[in-house]
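First comes the structure, then the notes that go with it.
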There are 2 protein chains.
Amino acid sequence: MNRPGLRERKKIETLHRLQEEALRLFDEQGYDATTIEQIAEAAGVSPSTFYRYFPVKEDVVVQDEYDPLIVDVFESQQEGTAPLEALRAVLTALFREFTDEDIERVRRRVRMIFSVPALRARQVGQSAATERLLAQMVAQRTGRSAEELEVRHFTALVVASWTVAISAWAETDGTKDDLAANLDKCLAHLEAGAPL
Amino acid sequence: MNRPGLRERKKIETLHRLQEEALRLFDEQGYDATTIEQIAEAAGVSPSTFYRYFPVKEDVVVQDEYDPLIVDVFESQQEGTAPLEALRAVLTALFREFTDEDIERVRRRVRMIFSVPALRARQVGQSAATERLLAQMVAQRTGRSAEELEVRHFTALVVASWTVAISAWAETDGTKDDLAANLDKCLAHLEAGAPL
DNA sequence: CGTAATTCTGATAGCTACTGTCAAATGACA
DNA sequence: TGTCATTTGACAGTAGCTATCAGAATTACG
């Protein structure tokens, strides 16, 4: 069987400890003023180890593992659903799983990402990957190519919409429901052609 | 009077030489493999000087000065124009000014930006500034606040739309008119609520 | 069990992006 | 031509990041 095992558990622990200590230090002293060495020491590991968990400094905040979940939820949607509707459902379902603690951690991370340009910059790289993923899935569903202009445009708009919804929410101290509401508002606005 | 003067002219020359040599070297050897020292030497200046012109390496490709032009064109639009229409006109007017040489340089730069993650990441920072600028202008026009969710959402979508239009165009060897056409297609798609 | 194989960690050396500082060089101007 | 302001180059230093390798911890297996 493939049980967790001590090694695996230790790795996850170290990962979380690095993320937590980093977030704490960034809050206390600022992102730039905090060195990898400090984070590593606070987490009780060597700088080498930090780089094994996070290829670049930014990733200690930015890295997440939502992409596979997104794919799962999307695929579990029934065939007929319109792409925008399907993607709305994906995010809704994703957030529903979150505990209150998760939500607070997301808020902290998002706030930091949007207040530190280097983090935001890195995050966009991740979003681009997610965007390509969405394009793939949407293309498959609608029998188009993921390279088509309309498909790429659609996914870019959806991701932009999400981003605004989430960042605006993170600035407040709203609840999980407020986040969902924000998301609905943005996607509805997009679907209406973004009238002003 | 405020004539150019030798000093000013030399500065502009140095700036352009740095940009050109950098682009050439990046093409030849790749972005990461090219050092500031190489660029500086190719342009006949010291590394110190490079950093005086470009705060970070990425800027030698990413930096541009369109923002003031965008503001000018937007403000010169008549009051009644709908925001989306006004922004479409802004880009159209902006591109109209470009010579064939300009267009080719833009294409090279855009291609490089979208093929080198570090450049793309930096570019997003710039786009964010432009986005805030648009939000300001649009807010003023429509008598809203630039912090309002709908306004931010609108501008984010427009910028995302532009970005797709331009990046898709840069992948081809289309003309200036093709770029304009792409832009129209994307904005129309956005205005229609991004149907698929 | 105990030993061998595998995986993870820490230490070290080194490269490059980037910052700060100061003296020398260069153009502006009277 | 001489003085002032600006630009430049040289130097030293910090930190992010890579590559490498020996030793330690965990796992697999006889």
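First the proteins, then the strands, lettered A, B, ... as listed; each starts at 1. If you're wondering where the values come from, they're calculated on a predicted model, not measured in any experiment.
- With sequence neighbours excluded, no residue forms a salt bridge (Lys or Arg N to Asp or Glu O under 4.0 Å) with A:Glu41.
- Under the salt bridge (Lys or Arg N to Asp or Glu O under 4.0 Å) criterion, A:Glu131 pairs with no residue at all, not counting sequence neighbours.
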List, one per line, each side-chain donor-acceptor pair under 3.5 Å for residues 173-181 of chain B, sequence neighbours excluded.
| unit_1 | atom_1 | unit_2 | atom_2 | d |
| --- | --- | --- | --- | --- |
| B:Thr175 | OG1 | B:Asp177 | N | 3.2 |
| B:Thr175 | OG1 | B:Asp178 | N | 3.2 |
| B:Thr175 | OG1 | B:Asp178 | OD2 | 3.3 |
| B:Lys176 | NZ | B:Phe98 | O | 2.8 |
| B:Asp178 | OD2 | B:Thr175 | N | 2.8 |

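- For B:Tyr53, the ring pair (Phe, Tyr, Trp, His ring centres under 6.0 Å) test picks out no residue, with sequence neighbours left out.
- Between the two ends of the helix from C:dC1-D:dG30 to C:dA30-D:dT1, each summarised by a five-pair axis, the helix axis turns through 20° (rounded to 10 degrees).
- Between the CD atom of B:Glu13 and the C1' atom of C:dG27 there is a distance of 14 Å, given to the nearest Å.
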Indicate for each nucleotide in nucleotides 18-25 of chain D, in 5' to 3' sequence, whether protein heavy atoms under 4.0 Å reach the base (B), only the sugar-phosphate (S), or nothing (-).
B------B

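- Judged by distance alone, with hydrogens and angles left aside, the side-chain atoms of A:Thr142 form a donor-acceptor pair with the main-chain N or O of A:Val138 at under 3.5 Å.
- The CG atom of B:Asp59 sits 11 Å away from the P atom of C:dT19 (whole-angstrom rounding).
- Taking atom CD of B:Glu41 as the reference point, atom P of D:dA10 lies 11 Å away to the nearest angstrom.
- For A:Glu171, the salt bridge (Lys or Arg N to Asp or Glu O under 4.0 Å) partners two or more places apart in sequence, or in a different chain, are B:Arg152.
- For the contact set between residues 110-122 of chain B and DNA chain C, defined by any heavy atom under 4.0 Å, there are no members.
- A donor-acceptor contact shorter than 3.5 Å links the side chain of B:Thr34 to the backbone of B:Gly30.
- Near DNA chain C, meaning a heavy atom under 4.0 Å away, the residues from residues 22-40 of chain B are B:Thr34, B:Thr35, B:Ile36.
- Each side-chain hydrogen bond (donor to acceptor under 3.5 Å, both in side chains) pair with one or both residues in residues 10-19 of chain A, not counting sequence neighbours, would appear here, but there are none.
- With B:Glu148 contributing its side chain and B:Ser145 its backbone, the two residues share a donor-acceptor pair below 3.5 Å.
- Contacts classified as salt bridge (charged side-chain N to carboxylate O under 4.0 Å, His left out) and involving residues 52-75 of chain A (residues at least two apart or in different chains) are given here: A:Asp59-A:Arg122.
- OP1 or OP2 of D:dT8 has not a single side-chain nitrogen or oxygen of B:Ser46 nearer than 4.0 Å.
- Judged purely by atom type and a 3.5 angstrom limit, A:Arg109 uses its side chain to pair as donor or acceptor with the backbone of A:Val61.
- Atom-to-atom, CZ of B:Phe50 to P of C:dT16 comes out at 15 Å; the value is rounded to the nearest Å.
- Note on B:Tyr53: every side-chain N or O is 4.0 Å or more away from OP1 and OP2 of D:dT7.
- The existence of a salt bridge linking A:Glu28 and A:Arg24 is confirmed by a sub-4.0 Å separation between a basic side-chain nitrogen and an acidic carboxylate oxygen.
- Residue B:Arg9 contributes atom CZ, which lies 14 Å from atom C1' of C:dT26 at whole-angstrom precision.
- For the pair B:Val45 and A:Lys57, nearest-nucleotide mapping onto DNA chain D gives the more 5' position to B:Val45.
- Atom pair A:Glu58:CD and C:dA17:C1' shows a separation of 13 Å (rounding to whole Å applied).
- B:Phe54 has its CZ atom 16 Å from the C1' atom of C:dA17, to the nearest Å.
- Atom CD of A:Glu8 is separated from atom P of C:dT9 by 12 Å (rounded to the nearest Å).
- Listed by first and then second residue, the salt bridge (charged side-chain N to carboxylate O under 4.0 Å, His left out) pairs involving residues 82-99 of chain A are A:Glu85-A:Arg88, A:Arg88-A:Asp184, A:Arg88-A:Glu191 (not counting sequence neighbours).
- B:Ser167 places a side-chain N or O within donor-acceptor distance of the main-chain N or O of B:Thr163, the cut-off being under 3.5 Å.
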